[in-house]
Amino acid sequence: MEYVSTRGGVQPASFGEVLLDGAASDGGLVVPTTLPVIDEERLREWRALDYADLATAVIAPFAADIPSDELAAMTHRAYAPEAFDDERIVPVTALDGGIGLVGLSEGPTWAFKDLAMRFLGEAIPYRLAATDRTLTVLGATSGDTGSAAEHAFLGAHGVRVVMLSPQGRMSPVQRAQMFSIDDPAIRNLAVEGVFDDCQDLVKTISADTAFATAHSIGAVNSINVARIIAQTVFYVWAWLRATEEVDGRAADERISFVVPSGNFGNVYAGHLARRMGVPIHRLVVATNENDVLDEFFRTGVYAPRTREHTHATSSPSMDISKASNLERFVWDLLGPERFVERWPELAREGRLDLRDELPRLREEFGFVSGSSDHAHRLDAIRDVYRTHGIVIDPHTADGVSVARTFTEPGERLLVLETAKAVKFPETVAEALGDDAPPVSDAVRALLALPQRVVDVPGDVDAIRAVIEELD
Ligand SMILES: *Cc1c(COP(=O)(O)O)cnc(C)c1O
């Protein structure tokens, strides 16, 4: 399996070579040139596997340069039951009305980012040891990527982490999970600006090849292709769980996924799983008030917005108005040649008009979308609590809220639970009032830890200076 850039300006490379990279050197995103096939027989064989073994099976064809016994050792450490609150790693729960929840937040930082990041936390040090290198992981986070990365790489040999987050935009638990880490190899920078500004800074620094090479910069945010690949595993897993006997009923419904989205990383992994052959009926993109992606899938026009037009919402991990991973999907949609012709329109005109492709988005690729807002989010949290006694987080609530507008007989809509409610207690309290669960001892202890973070202006030189100082 080889990897190229969406923009066509990079020689094909192996998994090991792209594992440490963010953007490709021509400014594009790294994509696999072919996809493995997941047919019925495979799915049947995979039913009996636990999460770690399924991860080995799904990832192996993408990572041909890692020997299979090494890969299995990595997935077994990454997906060890002791590291998760639920020994199934990803529990799948049926709710009412044809809706289900895929529990992706049982890992150490209580968000779905742990699942892919824990794999990188194994694969990257392995690659560094094999090539006798060190790495400075430079990342941008709207809250959950940063904590997942720092926890996944804590103590990893040869890896340092510099994590940019938008000042004042994260929840107290998100801040505490990152800023309480006391390790000289992990640096937290709170940047003046929104998430998109942080991401732009990471892109600029990574695109400066001389600087990036001199300081051995790599990226683990959602543009890292290995992260996307590791995320395809939970779509296969959830499909397998949802199609076996659930509550005594054999499930023969069509299976769709509803994915709370911002940067299009998670749902793009679902798209890959679908293209590989997993019988996923529809992929429902659910946004919050920052509805750039919903606009794209409804109208065919992708028009990223500026920071002034990015709302600070109560589902803050989706406060994103430039969906970086959409470039990968547009590449799949148009094919490499037409992509290279059409994509520059975005930089030239600030928008990409793909209205002609709208029927293919729905029919061929199964994409539909919807958006949620504060009131719907609160309603969904309340309803799921009253009906099932389960407290969902605001992002998952956006998914449930959008799922309800798409339910059809014979179809099960699996909403990806992207974070645990404890990360966002204010919104949960607003929704549930006196019914809100009390703060647990674990959360209280976390919030009481001393925190370390450096405030920086949103400019490249300030970030460069921090990286230079590390050496
Ligand atoms: C990262 C994140 C999202 C958005 O995922 P994308 O891959 O960026 O679309 C949604 N919810 C939570 C809780 C997240 O941490």
Side-chain angles (χ1 to χ4, degrees), residues 29 101-117 139-149 151 163 165-166 169-171 173-175 177-178 194-196 198-199 220-225 227-232 234-235 257-273 283-294 296-297 304 310 313-329 367 369 371-372 377 380-381 392-402 415-424 427-428:
L29 298 192
L101 281 181
V102 182
L104 300 179
S105 313
E106 305 297 325
T109 71
W110 301 326
F112 85 92
K113 307 290 200 294
D114 281 326
L115 287 162
M117 210 61 85
T141 184
S142 57
D144 300 318
T145 301
S147 47
H151 286 264
M163 191 56 64
S165 57
R169 298 250 179 169
M170 293 192 298
S171 80
V173 169
Q174 289 178 316
R175 280 201 293 269
Q177 283 179 336
M178 291 176 62
V194 296
F195 168 74
D196 292 327
C198 298
Q199 184 153 270
V220 295
N221 52 28
S222 73
I223 57 178
N224 180 292
V225 72
R227 236 181 99 183
I228 303 276
I229 291 164
Q231 286 170 351
T232 62
F234 52 70
Y235 287 89
F257 287 94
V258 183
V259 189
S261 299
N263 226 336
F264 204 69
N266 195 354
V267 71
Y268 179 76
H271 158 76
L272 285 188
L283 288 163
V284 184
V285 177
T287 72
N288 66 15
E289 292 89 332
N290 296 297
D291 58 355
V292 165
L293 284 170
D294 181 33
F296 174 63
F297 285 101
T310 304
T313 75
S314 50
S315 47
S317 303
M318 303 181 347
D319 290 348
I320 295 171
S321 293
K322 239 188 269 173
S324 305
N325 279 292
L326 196 67
E327 176 165 347
R328 292 191 158 107
F329 175 68
F367 272 107
S369 71
S371 69
S372 170
R377 195 170 297 137
I381 294 173
I392 56 171
D393 100 292
H395 306 80
T396 309
D398 286 335
V400 169
S401 164
V402 170
V415 177
L416 301 196
E417 181 221 54
T418 53
K420 281 262 197 261
V422 291
K423 288 188 109 168
F424 307 96
T427 305
V428 172

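In listed order, ligands and their atoms are each counted from 1. Only heavy atoms go into these numbers, but all of them, side chains included; no hydrogens, no water, no symmetry mates. Bear in mind that the values here come from a model prediction, so they are computed numbers and not experimental data.
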A.B. asks: What do you reckon, does N266 have a nitrogen or oxygen under 3.5 Å from a nitrogen or oxygen of ligand 1?
C.D. replies: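 Yes; at least one N/O pair falls below 3.5 Å.
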A.B. asks: Would you call Y268 a ligand 1 contact, heavy-atom distance under 4.0 Å?
C.D. replies: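 Outside the 4.0 Å threshold, so no.
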A.B. asks: Using a strict 4.0 Å cut-off to heavy atoms of G265, name the atoms of ligand 1 that fall inside it.
C.D. replies: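 So the atoms of ligand 1 that pass are 6 (P), 7 (O), 9 (O).
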A.B. asks: Measure the distance from atom 12 (C) of ligand 1 to every protein heavy atom, then report the residue, atom name and distance (to 0.1 Å) of the closest one.
C.D. replies: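 Nearest protein contact, heavy atoms only, for atom 12 (C) of ligand 1 is T418 OG1, 3.4 Å.
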A.B. asks: Return the closest protein heavy atom for atom 6 (P) of ligand 1 as residue, atom name and distance.
C.D. replies: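 Result for atom 6 (P) of ligand 1: N263 N, 3.7 Å.
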A.B. asks: Which ligand 1 atoms does A419 reach within 4.0 Å, using its non-hydrogen atoms?
C.D. replies: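 Contacts of ligand 1 toward A419, numbered from 1: 13 (C).
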A.B. asks: Work out which heavy atom in D144 is nearest to a heavy atom in T141; give both atom names and the distance.
C.D. replies: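 Of all heavy-atom pairs spanning D144 and T141, the closest is N-OG1, 3.5 Å.
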A.B. asks: Quick one: look at F112 and ligand 1, take heavy-atom pairs under 4.0 Å, and tell me if it's side chain, backbone, both or neither.
C.D. replies: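 Contact part for F112 vs ligand 1: side chain (C-beta onward).
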A.B. asks: Got a donor-acceptor contact below 3.5 angstrom from the D393 side chain to the H395 backbone?
C.D. replies: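 The answer is yes, because a donor-acceptor pair under 3.5 Å joins these two groups.
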A.B. asks: Atoms of ligand 1 less than 4.0 Å from P260 heavy atoms?
C.D. replies: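 Those atoms are 4 (C), 10 (C).
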A.B. asks: Within the distance-only criterion (no hydrogens, no angle test), does the side chain of K113 pair as donor or acceptor with the backbone N or O of A419 below 3.5 angstrom?
C.D. replies: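 Such a contact is absent between K113 side chain and A419 backbone.
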A.B. asks: Can you check whether S261's main-chain N or O pairs, donor with acceptor, with T287's side chain at less than 3.5 Å?
C.D. replies: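 Side chain of T287 to backbone of S261, a donor-acceptor pair under 3.5 Å: no, none is there.
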A.B. asks: Is the gap between the ring centers of F264 and F297 under 6.0 Å?
C.D. replies: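 Between F297 and F264, which both carry aromatic rings, the centre distance is below 6.0 Å.
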A.B. asks: Is there a heavy atom in G262 that sits closer than 4.0 Å to ligand 1?
C.D. replies: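 Yes, G262 has heavy atoms under 4.0 Å from ligand 1.
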A.B. asks: Heavy-atom distances under 4.0 Å decide this one: backbone, side chain, both or neither, for M318 against ligand 1?
C.D. replies: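 The side chain, only.
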A.B. asks: Do the side chain of D291 and the main chain of D294 share a donor and acceptor less than 3.5 angstrom apart?
C.D. replies: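 No; zero donor-acceptor contacts below 3.5 Å.
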A.B. asks: Please name the residue in the list S321, S324, S142 that meets the side-chain contact (heavy atoms from CB on, under 4.5 Å) test with D196.
C.D. replies: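 Looking at S321, S324, S142, the match for D196 under the side-chain contact (heavy atoms from CB on, under 4.5 Å) is S321.
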A.B. asks: Polar contacts were defined as any N/O atom of the residue lying under 3.5 Å from an N/O atom of the ligand; does this apply to H395 and ligand 1?
C.D. replies: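 No, no N or O pair falls under 3.5 Å.
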A.B. asks: Tell me, which protein residue and heavy-atom name are nearest atom 1 (C) of ligand 1, and how many Å apart are they?
C.D. replies: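 Going by distance alone, atom 1 (C) of ligand 1 is nearest to K113 NZ, 1.4 Å.
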A.B. asks: Anything under 30° is parallel, anything over 60° is perpendicular, the rest tilted; go ahead and classify F329 against F296.
C.D. replies: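 The arrangement is perpendicular - the two ring planes meet at more than 60°.
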A.B. asks: For atom 15 (O) of ligand 1, find the nearest protein heavy atom and state the residue, atom name and distance (0.1 Å precision).
C.D. replies: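 Going atom by atom, the protein heavy atom closest to atom 15 (O) of ligand 1 ends up being D144 OD2, 2.4 Å.
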A.B. asks: Donor-acceptor pair, R377 side chain versus A397 backbone, under 3.5 Å?
C.D. replies: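 No: the side chain of R377 does not pair with the backbone of A397.
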